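Below, chain A is the first sequence line, B the second, and so on; all start at residue 1. In this text the structure is predicted, and so the values were computed from the model without any measurement. The basis for the numbers below is simple: all heavy atoms, side chains too, and nothing from hydrogens, waters or symmetry mates.
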Number of protein chains: 2
Amino acid sequence: MGRWEPDAQGRMARAALELYAERGYEQTTVQDIAERAGVTERTYFRYFADKREVLFDGAHTLERLAVAGVAEAPADAGPLDAAGAGVVRGCDALADRYERARTRAGVVAANPGLQERELLKMAALGTAVAAALRERGVAAPAAALAAEAAVAAFRVGFEAWVASDGGRGLDDHVRAALADLRALAAG
Amino acid sequence: MGRWEPDAQGRMARAALELYAERGYEQTTVQDIAERAGVTERTYFRYFADKREVLFDGAHTLERLAVAGVAEAPADAGPLDAAGAGVVRGCDALADRYERARTRAGVVAANPGLQERELLKMAALGTAVAAALRERGVAAPAAALAAEAAVAAFRVGFEAWVASDGGRGLDDHVRAALADLRALAAG
DNA sequence: TACGGTGATGACAGCGACTGACATCACGGT
DNA sequence: ACCGTGATGTCAGTCGCTGTCATCACCGTA
């Protein structure tokens, strides 16, 4: 693999997921990833902030979709409805990547450090959704709570999805979690 | 400070918070903390797993209180009520430490790495509360969602507390967030 | 008092994550 | 053929973190 092969970032992301899944996150060095991708360690750190970030380069897409979903929710939808519409829209970012999502979820579940990063991304998603809600005129505290609740439902739905056989879509699971949440709060 | 002065852990925790607040987390080395506490770097890592953990040694107390609060909630309380009672009970762990909590919150807010750790602790709190709810006979999915929601309310309440002048107690803010959450879900 | 066991600490070497500085390379335009 | 530009390689260095072993203070016991 030459020095100027295209898609260095994609090669590194794939190499990292493979290695993390094969031998574990801690047993993989950044140099291992760089070698498999045909670059040097220094180049890795030009694309990814640290050893973990390579697993989270799709987070931005998810966030962008969710914000769009909130903005385009019906005008008469309440805060929780709008936030729910956002995270359901975000599901499009992962819809056709069930296998990869499953592998990745297994890697993350096996390492607390990676869980930390995932939680930070989810928190950022919540912040973005909350901002989108305020854009709709929702008051700040209600926006924060509705966003947090919707993101919690997304997480629960995501976990159910990767634990399933993939027969139903991620969005189905997330919608079910949102419905559960409403039932809970009412009870 | 001699080699065998008592309360090495407490000294290190105080030194770390001071240094993180004075010059920032990244500008502080573990050796700086160890020196101010009168120990060596190696001793630091015998008490704390890493450079961040020194700010989170109270998390266990919070978790234990919350679990007790859930277990002792009225038998006829719903899942969200019981989870809410848990996080309200957890407030006792911080009730008389407003100043320290404020300083610590500022340090954490200034560093994404510390936010990650805080999120992990909150997730662990949610897991523990969910387990306590299942102990009460709540079904697994409902327990997870109720716990997540209650922890979200705790976080919102905590943020309001440290942003306030400390006139009202942390538990007041958390109770208000829980009430907001109910109103939201109903709307 | 002398002695030995025990737990905490210090000293040291080493790996790996991450960064800054500078050289080098491929490519496109002139 | 030349040059500017951006991506990459090379190198040195700091810091987080760990394993290993020696050392120290304390405590019980003879």
Side-chain angles (χ1 to χ4, degrees), chain A residues 1-57 107-108 110-118 120-121, chain B residues 1-57 107-108 110-118 120-121:
Chain A
M1 205 168 303
R3 187 176 179 178
W4 300 94
E5 295 290 325
D7 195 24
Q9 183 161 354
R11 268 161 31 222
M12 288 188 282
R14 284 187 291 274
L17 181 57
E18 288 170 13
L19 288 166
Y20 290 169
E22 286 172 13
R23 61 177 86 159
Y25 172 80
E26 292 181 353
Q27 284 65 44
T28 303
T29 68
V30 173
Q31 189 169 354
D32 292 334
I33 300 169
E35 279 180 12
R36 182 170 292 199
V39 296
T40 62
E41 191 185 11
R42 194 67 185 84
T43 293
Y44 173 93
F45 285 109
R46 286 198 177 96
Y47 282 88
F48 304 103
D50 55 45
K51 189 182 170 185
R52 305 173 192 167
E53 197 65 18
V54 67
L55 288 180
F56 299 89
D57 57 346
V107 170
V108 172
N111 185 274
L114 293 172
Q115 294 168 39
E116 284 186 340
R117 183 58 50 83
E118 182 130 289
L120 188 66
K121 298 298 183 184
Chain B
M1 207 167 304
R3 190 176 179 179
W4 300 95
E5 295 290 324
D7 194 24
Q9 183 161 354
R11 266 157 36 218
M12 288 188 281
R14 282 187 292 274
L17 182 57
E18 288 171 13
L19 288 166
Y20 290 170
E22 286 172 13
R23 62 176 86 158
Y25 172 79
E26 293 181 353
Q27 283 67 44
T28 304
T29 68
V30 174
Q31 188 169 356
D32 292 334
I33 300 169
E35 279 180 12
R36 182 170 292 199
V39 296
T40 62
E41 192 185 10
R42 193 65 186 86
T43 293
Y44 173 94
F45 286 108
R46 286 197 177 96
Y47 282 88
F48 304 104
D50 56 45
K51 189 182 169 185
R52 305 172 191 168
E53 198 65 18
V54 67
L55 287 180
F56 298 89
D57 58 345
V107 170
V108 172
N111 186 274
L114 293 173
Q115 293 167 39
E116 285 187 340
R117 183 57 50 82
E118 182 130 290
L120 188 66
K121 297 298 183 185

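At a threshold of 4.0 Å, the pair K121(A)-E53(A) counts as salt-bridged, since one of the basic side-chain nitrogens sits closer than that to a carboxylate oxygen.
Rounded to the nearest 0.5 Å, atoms CD (Q9(B)) and CZ (F48(B)) are 4.5 Å apart.
Note on E41(B): a base of the nucleic acid sits closer than 4.0 angstrom, heavy atoms only. Across all strands shown, F48(B) has no heavy atoms under 4.0 Å from either base or sugar-phosphate atoms.
The separation between R117(B) atom CZ and dG16(D) atom P is 14 Å, rounded to whole Å. E35(B) places its CD atom 12 Å from the P atom of dA11(C), with the value rounded to the nearest Å. Note: CG (D50(A)) to P (dG16(C)) measures 18 Å, nearest angstrom. Between M12(B) atom CE and dA8(C) atom C1' the separation is 11 Å, expressed in whole Å. One interatomic measurement links the two molecules: OH of Y47(B) to C1' of dG10(C), which rounds to 13 Å at whole-angstrom precision. In this structure, E116(B) places its CD atom 16 Å from P of dG16(D), rounding to the nearest Å. Distance CD (E53(A)) to P (dA17(C)): 16 Å, rounded to an integer number of Å. Atom CZ in F45(A) sits roughly 18 Å away from atom P in dC11(D) (whole-Å rounding).
Between T43(A) and dG9(D) there is a side-chain polar atom (N or O) within less than 4.0 angstrom of OP1 or OP2.
Between the side chain of R52(B) and the base of dG16(D) there is no donor-acceptor pair of N/O atoms closer than 3.5 Å.
Of the candidate nucleotides dG19(D), dG20(C), dC15(D), dG20(C) has the atom nearest to the side chain of R42(A). Comparing atom distances between the T40(B) side chain and each of dT9(C), dG10(C), dA17(C) picks out dG10(C) as nearest. Taking every side-chain heavy atom of R46(B) into account, dT20(D) is the closest of dT8(D), dT20(D), dC18(C).
Without hydrogens or angle criteria, Y44(A) side chain to D50(A) main chain gives a donor-acceptor distance under 3.5 Å.
Remark: of the listed residues R11(B), R36(B), R23(B), R36(B) is the sole one forming a salt bridge (charged side-chain N to carboxylate O under 4.0 Å, His left out) with E18(B).
Between F45(A) and K51(A), the shortest heavy-atom contact is CE2-N, 4.4 Å.
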